[in-house]
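Proteins come first, then strands; the chains are lettered A, B, ... in the order of their sequence lines, and each starts at number 1.
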There are 2 protein chains.
Amino acid sequence: MEASRPDTATRILDVSERLFVEHGFEATSLRMITQQAEVNLAAVNYHFGSKDALFEAVFMRRLAPLIASCLAELDELETREEKLSVESLVTTFIRPCLALSKDPARGGALFVRLLSRTLVENHRLLRETISQQYSVFVQRYSRAFHHALPQLGVEELAWRMHFAFSVMFNAFAGNDVLKIFTRSQIVTARDPDMIVKYLVPFVVAGLVSPVEG
Amino acid sequence: MEASRPDTATRILDVSERLFVEHGFEATSLRMITQQAEVNLAAVNYHFGSKDALFEAVFMRRLAPLIASCLAELDELETREEKLSVESLVTTFIRPCLALSKDPARGGALFVRLLSRTLVENHRLLRETISQQYSVFVQRYSRAFHHALPQLGVEELAWRMHFAFSVMFNAFAGNDVLKIFTRSQIVTARDPDMIVKYLVPFVVAGLVSPVEG
DNA sequence: AAGCGTTTCAAACTTACGTTTTAATTTGAT
DNA sequence: ATCAAATTAAAACGTAAGTTTGAAACGCTT
């Protein structure tokens, strides 16, 4: 009656995803991974080639569908509405993140944390492989936000998008900067819906705030 | 005419701070540190005891003065004004961060990046040593924000503070989440004053936005 | 100048890492 | 059933990590 055990490569990916989030890439050894995945040590190099390639595989398994979901939401929104509201635009990004966070089969909230962690560690992977492959993501959002907020100059818009995506990433990643001091004042990332309830108004307010003279 | 060379312990701290930011704690070896600091390999263990203790020393050298500066600004503001504005409150945190970012003698922007990096890596150091020592920081800000935003419930206020500090930390840390995709669309953290110009309005707007029914 | 605690130095130690190798085992088509 | 390919297994390899050691060099007081 137990669920069928995933194959070796999948078990490695699942365990790696969790351990990379918990301890970071460098601090996670192949021996930790293979032990918890109950596979032989050599299996990682056999199936993926190297530890670096394993990381890329872990990353790409989640990122590609997430980006695709966001762009699909964006497509659907642009065909449905003539004039895009900032809130609906923000939601096209948040909804796929939320769905991902609530779906354990797709890594649950783990991957968003991994993404956040990888961003600040600025891996070579993100600077090289990903940047070329997914520049369309930011281009699409930049254009959409420009249409929704035409009163903003390109520099001000870039900064606001930077801030907005920063806080959204951090929110889903559960990096509670205040928790360190207060000992879990907020039950972080436990209820993703609760995050969105407070996150969307905050981000939208920052994005649409009037420009100062 | 050259500046007098700092002593061994200080050189180790300076180099470590930079390397921990660039490569992370785990990926920075003592041999990298001692080589760039032009000290003997054993000097780290002699002066600090261990690599972990070195990290704590690097961290504490900057954090304590930063926290003290913030609290001093807060004190000065509370004695000067009866009713605190959200903007002035935000500024009590941003101004010390900005001063730190612009002062190479105190680590410049490096330490804020280190702080941000350490937050998402959630080191044992931050969970254990720091949380007890500096809980006063969050308590003071929580109370101040509660006075400035009395219309917000405790839960909503906690979330908004969480979001606000998230984006502020990330802004100073220069973790440009969009840069990865666009290849340095924004010249991040080059001009700290520019950050503040756009950061403060964004954060304030999010904090003061009206609560929804 | 002598003595003594402090600091520096070169070298080695132990351990753990990522990776490779070679053989055993399983799998799937004929 | 057989054979070839794919996968798993155990063991070892070479390297680099943090740490320790013991002697040499330094700095300061007497």
Practice prompt. Please report the shortest heavy-atom distance between B/Leu152 and B/Leu207, naming the atom on each side.
Written response: CD1-O, 4.0 Å

Practice prompt. Write down the distance between CG (B/Leu54) and C1' (D/dG18), rounded to a whole number of angstrom.
Written response: 12 Å

Item to complete: Looking only at side-chain atoms of A/Leu41, point me to the closest of D/dA11, C/dT8, D/dT19.
Response: D/dA11

Discussion item. Testing the basics here: between A/Leu157 and A/Ser142, what is the closest heavy-atom pair and its distance to 0.1 Å?
Written reply: CD2-O, 4.1 Å

Item to complete: Using heavy atoms to find the nearest nucleotide of DNA chain D for A/Val39 and A/Arg31 separately, return the residue whose nucleotide is more 5′.
Response: A/Val39

Discussion item. Taking 4.0 Å as the cut-off, does a side-chain nitrogen or oxygen of B/Ser29 come that near to OP1 or OP2 on D/dA17?
Written reply: yes

Fill in: Which residue lies more 5' along DNA chain C, comparing A/Ala27 with A/Gly49 via nearest heavy atoms
A/Ala27

Worksheet item: Parallel, tilted or perpendicular: which describes the rings of A/Trp159 and B/Tyr198, with under 30° parallel and over 60° perpendicular?
Response: parallel

Discussion item. With a 4.0 Å cutoff (strictly under), does any side-chain N or O of B/Thr8 reach OP1 or OP2 of C/dT7?
Written reply: no

Worksheet entry | Euclidean distance, atom CG of residue B/Asp7 to atom P of C/dT6 [Å, nearest integer] | 16 Å

Item to complete: Select one nucleotide: of C/dT19, D/dT7, D/dT19, the one nearest the side-chain heavy atoms of A/Tyr46.
Response: D/dT7

Item to complete: Please state how far atom CG in B/Asn45 lies from atom P in C/dT7, giving the value in whole angstrom units.
Response: 15 Å

Practice prompt. Check the distance between D/dA12's C1' and A/Asn40's CG and give it to me in whole angstrom.
Written response: 13 Å

Worksheet entry | A/Glu38 CD to D/dA9 P, straight-line distance once rounded to whole Å | 11 Å

Worksheet entry | Phosphate-side-chain proximity, B/His47 and C/dT8, N/O vs OP1/OP2 below 4.0 Å | yes

Item to complete: May I ask you to decide if B/Val112's main-chain N or O and B/Ser116's side chain share a donor-acceptor pair within less than 3.5 Å?
Response: no

Item to complete: Just compare D/dT20, D/dT7, C/dG18 and give me whichever is closest to any side-chain atom of B/Ala42.
Response: D/dT20

Worksheet entry | Rounded interatomic separation in angstrom, taking CE from B/Met32 and P from D/dA17 | 8 Å

Worksheet entry | Minimum-distance nucleotide to B/Lys51 side chain [options: C/dT8, D/dT19, C/dG18] | D/dT19

Practice prompt. Give the rounded distance in Å between these two atoms: CD of A/Gln35 and P of D/dA10.
Written response: 13 Å

Worksheet, complete the sentence: Which of C/dC9, D/dT8, C/dT19 is nearest the side chain of A/Leu30? It is C/dT19

Practice prompt. Determine the contact category for B/Thr34: base if any of its heavy atoms lies under 4.0 Å from a base atom, sugar-phosphate if only primed atoms, P, OP1 or OP2 are that close, otherwise nothing.
Written response: nothing

Discussion item. Rounded to whole Å, please give me the gap between CD in B/Glu26 and P in C/dC17.
Written reply: 11 Å

Worksheet item: Less than 4.0 Å between a side-chain N and a carboxylate O, is that true for A/Glu78 and A/Arg140?
Response: yes

